[in-house]
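The block underneath contains the structure these notes are about, expressed in structure tokens.
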There are 4 protein chains.
Amino acid sequence: MSRQPDPNRRNEQSRQAIVTAAADLCAEVGFAAVTVEAIAARAGVGKQTIYRWWPSKAAVLLEYMERERERAAGFPDTGDLAADLLTQTTALQRLFDSDAGAVWRGLLIAAQSDDVAADGVRALLEQAIVEAKQRLTKAQGTDELRSDADLDMVVEIIFGPLYHAWLLRTRPLPKAYMSDVLKLVFEGLKPRDRPLIR
Amino acid sequence: MSRQPDPNRRNEQSRQAIVTAAADLCAEVGFAAVTVEAIAARAGVGKQTIYRWWPSKAAVLLEYMERERERAAGFPDTGDLAADLLTQTTALQRLFDSDAGAVWRGLLIAAQSDDVAADGVRALLEQAIVEAKQRLTKAQGTDELRSDADLDMVVEIIFGPLYHAWLLRTRPLPKAYMSDVLKLVFEGLKPRDRPLIR
Amino acid sequence: MSRQPDPNRRNEQSRQAIVTAAADLCAEVGFAAVTVEAIAARAGVGKQTIYRWWPSKAAVLLEYMERERERAAGFPDTGDLAADLLTQTTALQRLFDSDAGAVWRGLLIAAQSDDVAADGVRALLEQAIVEAKQRLTKAQGTDELRSDADLDMVVEIIFGPLYHAWLLRTRPLPKAYMSDVLKLVFEGLKPRDRPLIR
Amino acid sequence: MSRQPDPNRRNEQSRQAIVTAAADLCAEVGFAAVTVEAIAARAGVGKQTIYRWWPSKAAVLLEYMERERERAAGFPDTGDLAADLLTQTTALQRLFDSDAGAVWRGLLIAAQSDDVAADGVRALLEQAIVEAKQRLTKAQGTDELRSDADLDMVVEIIFGPLYHAWLLRTRPLPKAYMSDVLKLVFEGLKPRDRPLIR
DNA sequence: GCGTAAGCGAGACGGTACGTCATGTCTTTCA
DNA sequence: TGAAAGACATGACGTACCGTCTCGCTTACGC
């Protein structure tokens, strides 16, 4: 007969303080060092207030990420697919280097063992992927993208390289990284048939 | 003046038992539930025997991964780049679905907060990337790959989609996944200029 | 600038419910398990209503004890000291076995660490002792009690054995316990000089 | 399948530190403020080390009391009952005023709600009562004590007044308190038949 | 071939964080 | 505006692992 609390009576100040404190901690000391105790202490809040509203620290960080996502516009659509993809992926690359990147990295970790985090992460990814696929569908209509390509796969080809380099930390990425990646995946890795005499 | 122990007198049985127990646990209950205590208990070993030879649970799992890697041959080279890439990436996709995949996932998590794990993971990745780049370099010589492409980026384009789908668990992958990905990234996402009349 | 509430507007029903609930809980689950939350829940009352009118759970139980005391007459005075003492101590022994006994035991515990409870308990004890001493003083006048005896000490000698057995729970007491105690302390523990031939 | 720890491997220093810290805390801040956390902190010990060996804070204090009891000799027997009783009760009165008194008071409180404490307290009391009754039995043989008196009751009459005054804190006791009490209970509260002309 | 020193299993140790509970205060809602 | 409801900050609870340590036991090397 466990009762869930009444959201109307919730203290909004505490809520903000908790989410902010969690994200700051994550950026400063890394996800592993974020503990409910530390969040509570930094937010000036009782531990119970965290446990009352969130099932885990990952859930708190999820709320932060969702908030960040709302601040960002959706997938851009200027009519030029190449430009739109560059805009979006460059924004993502910038996000990966920000505080939100640290939080997102932590959530991807948490999602490996915490079902709540996994669901939240899945939802965020899903949303991003759906938006991307909508833009790509339109691009197939305007003949900017191969119409025989599976869109999930296209998404993975476009975002995969960036995630690979960021998550696996194999090397630092140049600012223009995604510009080159996009050129390469759109043109293909095969040598051009005949470098046209021009 | 801390003394490191004498490797000659090391008990090889314990070593095997520990590494195996750690990997099994990882596959069965997930990386987060793998604790030094649990490894010691399952291996029938004292905790100190683990701490004596490994700095952390991640180091134990690293040893397992290195062992797995040794069992696998290096990057294949049949002279046919497309075939070799397919062989290698398909093997990787199969590995991701095996016990070693669970371990590798755990190590990628641990690498985010544990420097020892990060170094080990980096080394394993480095080795794989170097081997891949060597094969790709040769392919550039045989005109199977654009010679103007940055090889790190090519590696990320080839392996990125697989890691994206596996690590972020966005969807189950079909068996032939990498076959299609390779076709697409080699031909490019752009619509073919004129489907040549042939 | 803390405002104390207006007693005129007090809800008498809540008051009764709280005091009764507290005493019942004390008898049923013991003093340690009596919590303000439990009292409030059982009385169908908000916690604040308790904190508004009483400083602690002990204060609620004190009100119960004071009420019980009012229901009992004062120290009896029939002219026969022995009979009056027996009446009074037997009533006390009966009270110790009742719900009020559980409450009284709890208050004696609380008095060890709670100043409010200590003061209340002291007042109740004081009142009982003063009444007893008044009766004893009269008895000294009628030569029923040694006139050289310190009355505080006499009170302790009469009530001490009962409290000893009840509080320390060393053994169950027979119904006629106080009858024998009184006989013994009045006659003295020394063997009678010469059992008079009579 | 819970394992109880091996007493042979127990750290005697920690044990002493814990028992001493608990008793000191009890004397300084009172039983209610003694917490396992505070004991652990003051003893410089992990909480688990306390929980490993004792079921509750009361059990720690019990060990202290048992230790104190061992330091005290048993019931004295000089052949003079009055003198022996005075010796013993005076020692008890002194103990009530010492640190051990604070601990004993705490244990009597704990015994009201904690079965472990209750059993321990009962055992300590039992031992004291048995010793007292043995001495009293002998005294009945030497005609120093009424042979028709129930010895449990005699114990309660002798120790009851002291416990009454100490536990209920009704008044401060003079040094010679027990001397007067003993005189009174042995001679009886009744006025002497004929104040002998002498 | 025997003493000694190391590795071993076991597990107690001082700690940190966990998630739960009750406290006493404060705020919101309703009669 | 008093009372119900209940969210809040606080802090102790008892548990799980952490990484260090100290025990006896056994193993294997070197005199």
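First the proteins, then the strands, lettered A, B, ... as listed; each starts at 1.
- Residues C:A38 and B:E12 each lie close to DNA chain E; by heavy-atom proximity, the contact nearer the 5' end of the strand is made by B:E12.
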### Summary
The contact string for nucleotides 21-31 of chain F, one letter per nucleotide 5' to 3', using protein heavy atoms under 4.0 Å with B, S and - for base, sugar-phosphate only and none, comes out as BBB---BB---
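- Heavy atoms only, all atoms of each residue included: B:V116 and B:P55 are closest at CG1-CG, 3.9 Å.
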Under 3.5 Å, which donor-acceptor pairs link side chains of residues 117-125 of chain B to any protein atom two or more places apart or in another chain?
{"from": "B:R122", "atom 1": "NH1", "to": "A:R169", "atom 2": "O", "distance (Å)": "3.4"}

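- Taking 4.5 Å as the limit, every side-chain heavy atom of C:V36 sits out of range of all side-chain heavy atoms of C:W54.
- Taking atom CD on B:Q13 and atom P on E:dG7, their separation rounds to 17 Å, with Å as the unit.
- Mapping B:R10 and D:A43 onto DNA chain E by nearest heavy atom places B:R10 closer to the 5' end of the strand.
- Within residues 103-112 of chain A, no residue places a heavy atom under 4.0 Å from DNA chain F.
- With a 4.5 Å cut-off on side-chain heavy atoms, D:N11 and D:V45 do not count as touching.
- Checking E:dG7, E:dC18, E:dA12 against the side-chain heavy atoms of D:P5 singles out E:dA12 as nearest.
- Taking atom CG of residue D:N11 and atom P of nucleotide E:dG15, one finds them 13 Å apart after rounding to whole Å.
- A pairwise comparison of heavy atoms in A:M65 and A:A100 identifies SD-O, 3.7 Å as the closest pair.
- Between the C1' atom of E:dG14 and the CD1 atom of D:I39 lies a distance of 16 Å, rounded to the nearest Å.
- Along DNA chain F, the nucleotide nearest to A:A40 and the one nearest to B:V34 differ in position, and the one closer to the 5' end is contacted by A:A40.
- Under a 3.5 Å cut-off, the side chain of B:Q112 and the backbone N or O of B:L108 do form a donor-acceptor pair.
- Counting only heavy atoms from C-beta outward, the side chains of B:Y64 and B:L107 never approach each other to under 4.5 Å.
- A heavy atom lying under 4.0 Å from DNA chain E marks the following residues of residues 49-62 of chain B, by number: B:T49, B:R52, B:W53.
- Among residue pairs with one or both ends in residues 32-42 of chain D, those qualifying as side-chain hydrogen bond (donor to acceptor under 3.5 Å, both in side chains) are D:E28-D:R42, D:E37-D:K47; sequence neighbours excluded.
- Side-chain nitrogen and oxygen atoms of A:S14 include none within less than 4.0 Å of the OP1 or OP2 phosphate oxygen of F:dA7.
- The nearest whole Å value for the distance from the CG atom in A:D6 to the P atom in E:dC30 is 11 Å.
- Applying the side chain to side chain donor-acceptor pair (under 3.5 Å) rule to D:E68 yields the partners D:R71; only residues at least two apart in sequence or on another chain are considered.
- Figure legend: cation-pi geometry between D:R10 and D:W53, with NZ or CZ positioned under 6.0 Å from the six-membered ring centre and within 45° of its axis.
- Following rounding to the nearest Å, A:E37 (CD) and F:dC18 (C1') show an atom-to-atom distance of 15 Å.
- One finds the OG1 atom of A:T20 at 11.0 Å from the CG atom of A:L25 (value rounded to the nearest 0.5 Å).
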